[in-house]
Participant: 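This is the structure I want to talk about, given as structure tokens.
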There are 2 protein chains.
Amino acid sequence: MHMEFGPDDTIDHEGPLTPYRQLAAIIRARLERGDWPTGRPIASETQLTQEYGLARTTVRRSIKLLVDEGVLFVVPHRGTYPVDSTQWDREN
Amino acid sequence: MHMEFGPDDTIDHEGPLTPYRQLAAIIRARLERGDWPTGRPIASETQLTQEYGLARTTVRRSIKLLVDEGVLFVVPHRGTYPVDSTQWDREN
DNA sequence: ATTAATTTGTTCGTATGTATC
DNA sequence: TGATACATACGAACAAATTAA
């Protein structure tokens with residue numbers, strides 16, 4: 001029997017990993033899984049808030065982590081988008 | 001009837017064993033007894049402090065002992081957790 | 001042009017637990 | 001023992017820009 005190692009789809013509030021890091025791992029996994037195609041926003045902060053039962057402040061911390069990693073970029077009042085590694089031109 | 005030989009659940013301040021070693025033995029016993037499942041924090045330092053009538057410093061000394069033994073690991077701002085011997089992957 | 005809904009930005013306050021002195 | 005700092009999480013409120021009806 002082999003258990004897959006990877007982020008679950010629920011947050012463990014008791015575990016050693018902080019919730020915002022867990023969510024970051026989940027988002028990373030969902031990006032790689034192809035849940036959110038390039039050029040389109042990922043789920044909004046509010047949606048993630050509801051989906052994973054977290055405070056928005058916590059969700060934003062996760063997003064900031066991934067932005068700093070270069071995985072996501074945020075467009076104010078528009079949405080949060082996956083960084084397209086194959087697209088190195090972002091003038092517009 | 002058989003009485004188990006092992007650490008009591010109270011601290012003997014007069015005996016030959018130092019309190020922090022007694023507490024370490026107690027925690028070891030409680031871990032083996034299954035009081036604190038893997039993935040969940042054991043009692044906080046404050047709780048242990050109150051529960052066994054010890055100073056915070058003493059409790060921390062016990063925990064450090066068990067951390068050095070590889071029995072526990074401490075996650076800053078989250079808690080102290082039992083080491084899961086069956087889980088040798090802790091990158092994420 | 002107006003309005004309402006959506007989305008990110010910002011800032012409080014409260015709580016818990018550890019780190020350090 | 002006590003005091004202070006730090007990291008994290010939750011909740012709530014409001015601002016500001018965007019978008020769609």
Side-chain angles (χ1 to χ4, degrees), chain A residues 7-28 30-31 35-84 90-92, chain B residues 11 13 18-20 23-24 26-27 30-31 35-83 90-92:
Chain A
D8 206 348
D9 54 349
T10 60
I11 303 296
D12 178 9
H13 288 261
E14 310 293 321
L17 264 165
T18 58
Y20 87 93
R21 285 182 190 278
Q22 291 179 52
L23 178 57
I26 290 174
I27 294 176
R28 252 185 249 109
R30 293 188 63 175
L31 283 170
D35 270 21
W36 299 304
T38 291
R40 313 236 359 229
I42 71 170
S44 73
E45 296 176 359
T46 306
Q47 285 175 327
L48 293 173
T49 288
Q50 296 168 343
E51 196 167 342
Y52 294 100
L54 295 171
R56 197 154 80 96
T57 24
T58 306
V59 171
R60 301 194 97 233
R61 243 196 306 269
S62 307
I63 292 176
K64 184 188 184 310
L65 193 68
L66 296 173
V67 166
D68 291 345
E69 284 181 6
V71 174
L72 297 175
F73 67 96
V74 178
V75 180
H77 313 117
R78 287 236 64 201
T80 302
Y81 298 78
V83 167
D84 186 354
R90 195 179 321 287
E91 337 182 345
N92 220 355
Chain B
I11 303 295
H13 289 263
T18 58
Y20 88 93
L23 177 57
I26 289 174
I27 294 176
R30 293 187 63 175
L31 283 171
D35 270 22
W36 299 304
T38 291
R40 312 240 351 238
I42 71 170
S44 71
E45 296 180 358
T46 306
Q47 285 174 327
L48 293 173
T49 290
Q50 296 168 343
E51 196 169 342
Y52 295 100
L54 296 171
R56 218 23 222 291
T57 334
T58 308
V59 171
R60 290 176 63 78
R61 209 171 313 160
S62 307
I63 291 176
K64 185 189 183 308
L65 191 68
L66 297 174
V67 167
D68 291 344
E69 284 181 7
V71 175
L72 297 176
F73 66 96
V74 177
V75 181
H77 313 117
R78 281 248 96 192
T80 301
Y81 296 79
V83 168
R90 197 180 311 290
E91 0 182 326
N92 224 348

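Here is how names work: the chains are called A, B, and so on, in the same order as the sequence lines, proteins then strands, and each is numbered from 1.
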Participant: Atom CG of L48(A) and atom P of dC10(D): how far apart are they, to the nearest Å?
Facilitator: 13 Å
Participant: May I have the distance from H13(A) (atom NE2) to dA15(C) (atom C1'), rounded to whole angstrom?
Facilitator: 15 Å
Participant: For L17(A), is there any backbone N or O sitting under 3.5 Å from a side-chain donor or acceptor partner on R78(B)?
Facilitator: yes
Participant: Take the protein atom CD of Q50(A) and the nucleotide atom C1' of dC10(D), then report the distance between them rounded to whole Å.
Facilitator: 15 Å
Participant: What integer distance in Å separates E45(B):CD from dT16(C):C1'?
Facilitator: 13 Å
Participant: Heavy atoms only: give me the nearest Y52(A)-D9(A) pair and the separation to one decimal.
Facilitator: CE2-O, 3.2 Å
Participant: Identify, between T58(A) and H77(A), the residue whose nearest nucleotide on DNA chain D lies closer to the 5' end.
Facilitator: T58(A)
Participant: Can you tell me if the side-chain N/O atoms of T46(A) get under 4.0 Å from OP1 or OP2 in dT6(C)?
Facilitator: no
Participant: Should the side chain of R56(B) and the base of dG2(D) be counted as holding a donor-acceptor pair, with the cut-off at 3.5 Å?
Facilitator: no
Participant: Expressed in angstrom and rounded to an integer, what is the separation of L72(B) atom CG from dT18(C) atom P?
Facilitator: 12 Å
Participant: Rounded to whole angstroms, how far apart are CD1 on I11(A) and C1' on dC10(D)?
Facilitator: 14 Å
Participant: Find the distance D12(A):CG to dT8(D):C1' and express it as a whole number of Å.
Facilitator: 15 Å
Participant: If I take atom CD in residue Q47(A) and atom C1' in nucleotide dT7(C), what distance separates them, rounded to the nearest angstrom?
Facilitator: 10 Å
Participant: Starting from the C-alpha separation in whole Å, work towards a yes-or-no answer on side-chain contact (heavy atoms from CB on, under 4.5 Å) for V71(B) and V83(B).
Facilitator: CA-CA 5 Å; V71(B) 175; V83(B) 168; 5.9 Å; no
Participant: Under 4.0 Å: is that the gap between some side-chain N or O of R78(A) and OP1 or OP2 of dT19(D)?
Facilitator: yes
Participant: Specify the residue among V75(B) and R60(A) whose closest nucleotide of DNA chain C lies further upstream toward the 5′ end.
Facilitator: R60(A)
Participant: Got a donor-acceptor contact below 3.5 angstrom from the S62(B) side chain to the Y20(B) backbone?
Facilitator: yes
Participant: Would you mind telling me which residue lines up with the more 5' stretch of DNA chain D, T57(B) or A55(A), judged by nearest nucleotide?
Facilitator: T57(B)
Participant: Can you tell me if Y20(A) touches the phosphate of dT8(D), counting only side-chain N or O atoms and a distance under 4.0 Å to OP1 or OP2?
Facilitator: yes
Participant: Please report the closest heavy-atom contact between D12(A) and G39(B), naming both atoms and the distance.
Facilitator: OD2-O, 4.1 Å
